[in-house]
Participant: 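Sharing a structure below in structure tokens format, with a few things to ask.
Along the sequence shown, residues carry numbers from 1.
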Amino acid sequence: MAHTLSNVTHPYLDADGDKLSEECGVFGAINAADASAATALGLHALQHRGQEAVGITSYDGTEFYSRRGLGHVAENFSSSEAIAELPGHMSAGHVRYSTTGGSGLRNVQPLYAELASGGFAVAHNGNISNARALRKDLVGKGSIFQSTSDTEVIIHLVATSRYPTIADRLIDALRLVEGAYALIVMTPEGMIACRDPLGIRPLVMGRMGDAVVFASESVAFDVIGAELIREVEPGELLQVDFSGEIKSVHPFGNPAPRPCIFEHVYFSRPDSIFAGQSVYEARKAIGTELAIEAPCDVDLVVPVPDSGVPAAIGYAQQSGVPFELGIIRSHYVGRTFIQPSDSARHSGVKRKHNANRGLVAGKRIVLIDDSIVRGTTSMKIVEMMREAGASEVHFRVASPPTAHSCFYGVDTPERSKLLAARMELEPMREFIKADSLAFISIDGLYRAVGAKGRDNSCPQFCDACFTGDYPTSLTDLGGSDQKTAELPFADPKAA
């Protein structure tokens, strides 16, 4: 059985909520002397992918152990005592930002269950877009759910499969699943890592001595001194046993991959490698393309920190306009334990960002940001720069207009709240009160990440948030591009 310890603190609250929220991050290690310590360090490097909750599950050859908590990795796993509660040479962990099922300790992963074959723990990055339909069918057959997370659907599908081996039962379960997933599974036989057939969510494999490690991003390997071996291929299922043998199968066919292009734009850390390319170099290239497509007669290129910095460097290098830090960001007020008052919430941008007044006063500036979601933060930053004395404030965006919701593990507002879904370019410019506004084109974005342009007949990436071209069925939405507050399980009666 699993021994579970919980450390409950107050969940983090986003002060302004005008950024796409990272999905989740997963990490796993097998045949590692200090598996749980390595997992905690790896999750710390992936903290940007989920700041609401964290969990680690380990296996010592006999029993599974779990510890979960709300808050950051450092709050829950920084002590030797916490790591000592997670013994064994195999461990998996998860950092979470709730996308499906809402917040709360019962949804913190890895999720664990005792199956007929023994313990089964799963950490999942992504979102299952037919989870509501699957859950309804499972409940009708007698399944009892302990969480509201879509990930638990996978556990029940595995539990009810009639195939003989745990790997075959997992494959059987995943054949019924649509959407996006990067999974790390632990069983008494070893570790299984699997990526959805389109490779929408990222997953990489590495080595650390005799240990095999998996993570959402390569940067997690840098922290623990592991070597990046390769990406887990789209649709690939990797089994690693305690002798170190690795078995690879591709049970879902070979559809054309569609990895999430927003990993290049925003989600991944700039020091990661994604789809074989440095994220930092890709973001600089995006800025270069943006400068070619949307030049601006200004005195300074100013990034909206921190996510706009690499693109702004590329923009400045291509345009020949000086790059300057016209906005200074405080790294200590992005999230708070205390629910802010309305007045404090409205001042969230000023608490995060402050104009470098002496630099921008009297200057024509172009602001570079990674995206515009609701537009409220962009408007406040433009206003802040004008208040600081900028004579002109132009705005350039290192992604196409975000006009559609994501249903693959990214917490996006419902479509009616996305500025680009409500307005054309000129009304958007008027809304954020900039002197000019331009976005990189979808083809320019593709060129920046190494393609010749978007192949409209078979797109090389998932870009549904920009184009509305969803690469999988959206069963729980009836195929419509709408977003409910908690997609699969918003209405308990629906289950």
Side-chain angles (χ1 to χ4, degrees), residues 22-58 67-68 71-78 82-83 86 89-97 108-110 121-126 181-186 191-195 199 201-233 236 238 240 246 259-260 262-264 266-280 282 306 409:
E22 300 86 339
E23 329 85 55
C24 294
V26 295
F27 185 95
I30 182 171
N31 300 323
D34 299 304
S36 293
T39 298
L41 286 171
L43 291 177
H44 192 274
L46 300 174
Q47 187 72 85
H48 59 287
R49 299 187 74 89
Q51 300 179 45
E52 179 182 287
V54 58
I56 295 177
T57 298
S58 70
R67 181 182 174 90
R68 302 178 293 174
H72 284 185
V73 177
E75 295 171 70
N76 292 280
F77 295 103
S78 59
I83 299 301
L86 298 162
H89 289 183
M90 181 171 66
S91 177
H94 185 273
V95 287
R96 172 180 172 80
Y97 185 99
V108 179
Q109 298 185 34
V122 58
H124 169 214
N125 167 215
Y181 53 84
L183 300 176
I184 295 176
V185 173
M186 295 196 305
M191 180 168 283
I192 301 172
C194 185
R195 198 171 172 199
R201 298 268 65 87
L203 192 63
V204 291
M205 177 175 68
R207 277 200 177 271
M208 183 178 62
D210 294 331
V212 176
V213 288
F214 298 96
S216 293
E217 293 184 39
S218 62
V219 69
F221 298 160
D222 299 336
V223 173
I224 63 170
E227 176 190 2
L228 171 65
I229 301 301
R230 63 175 176 87
E231 287 191 341
V232 177
E233 297 172 4
E236 183 180 23
L238 284 162
V240 187
I246 302 174
C260 172
F262 217 87
E263 293 284 348
H264 277 310
Y266 176 70
F267 292 136
S268 291
R269 264 179 50 164
D271 44 347
S272 284
I273 304 295
F274 175 68
Q277 186 177 14
S278 160
V279 174
Y280 177 78
D306 288 322

Participant: Just jot down the side-chain contact (heavy atoms from CB on, under 4.5 Å) partners of A45, sequence neighbours excluded, or say none.
Facilitator: V219, A220, V223, R269

Participant: Do you know which two heavy atoms are closest between A121 and T57, and how far apart they sit?
Facilitator: CB-CG2, 4.0 Å

Participant: For the CG atom of L183 and the CZ atom of F214, what is their distance to the nearest 0.5 Å?
Facilitator: 12.0 Å

Participant: With rounding to the nearest 0.5 Å, note down the distance linking CD1 in I56 to CD1 in I83.
Facilitator: 5.0 Å

Participant: For residues 34-48, pull every pair meeting salt bridge (Lys or Arg N to Asp or Glu O under 4.0 Å), keeping only residues two or more places apart or in separate chains.
Facilitator: none

Participant: On a heavy-atom basis, which atom in L86 and which in S36 lie closest, and how many Å separate them?
Facilitator: O-OG, 2.7 Å

Participant: For R201, check salt bridge (charged side-chain N to carboxylate O under 4.0 Å, His left out) against everything at least two apart and list the hits.
Facilitator: E23, E263

Participant: Assess whether side-chain contact (heavy atoms from CB on, under 4.5 Å) is satisfied between E233 and R195, documenting all intermediate values.
Facilitator: CA-CA 7 Å; E233 297 172 4; R195 198 171 172 199; 5.9 Å; no

Participant: Which residue pairs pass the salt bridge (Lys or Arg N to Asp or Glu O under 4.0 Å) test with at least one member in residues 207-226, sequence neighbours excluded?
Facilitator: R49-E217

Participant: Which residues pass the side-chain contact (heavy atoms from CB on, under 4.5 Å) test with S218, sequence neighbours left out?
Facilitator: L228, S272, I273

Participant: Closest approach of P202 and A182, non-hydrogen atoms and distance?
Facilitator: O-CB, 3.5 Å

Participant: Taking only residues two or more places apart in sequence or in another chain, which ones pass side-chain hydrogen bond (donor to acceptor under 3.5 Å, both in side chains) with E236?
Facilitator: R230, S248

Participant: If you look at every heavy atom in V95 and V73, which pair is closest and at what distance?
Facilitator: CG1-CG2, 3.7 Å

Participant: V213 vs F27, test: side-chain contact (heavy atoms from CB on, under 4.5 Å). Steps then yes/no.
Facilitator: CA-CA 7 Å; V213 288; F27 185 95; 4.2 Å; yes

Participant: Enter the distance from L43:CG to S91:OG here, rounded to the nearest 0.5 Å.
Facilitator: 8.0 Å

Participant: Using atom types as modelled and distance alone, determine if a side-chain donor or acceptor of Q47 lies under 3.5 Å from a backbone N or O of H72.
Facilitator: no

Participant: Nearest 0.5 Å please: distance from the CD atom of E231 over to the CG atom of L203.
Facilitator: 9.0 Å

Participant: Heavy-atom distance under 4.5 Å between the side chains of I224 and M208, does that happen here?
Facilitator: yes

Participant: With rounding to the nearest 0.5 Å, note down the distance linking CG in N31 to NE2 in H89.
Facilitator: 8.5 Å

Participant: I need the minimum non-hydrogen distance between A82 and N76, along with the two atoms involved.
Facilitator: CB-O, 3.6 Å

Participant: What's the shortest heavy-atom distance between V26 and H94, and which atoms?
Facilitator: CG1-CD2, 3.6 Å

Participant: May I have the step-by-step check of side-chain contact (heavy atoms from CB on, under 4.5 Å) for M205 and L238, ending in yes or no?
Facilitator: CA-CA 10 Å; M205 177 175 68; L238 284 162; 3.9 Å; yes

Participant: So H264 and F274, would you call those rings parallel, tilted or perpendicular, with 30° and 60° as cut-offs?
Facilitator: perpendicular

Participant: How many angstroms lie between atom OG of S216 and atom CG of L46, to the nearest 0.5 angstrom?
Facilitator: 5.5 Å

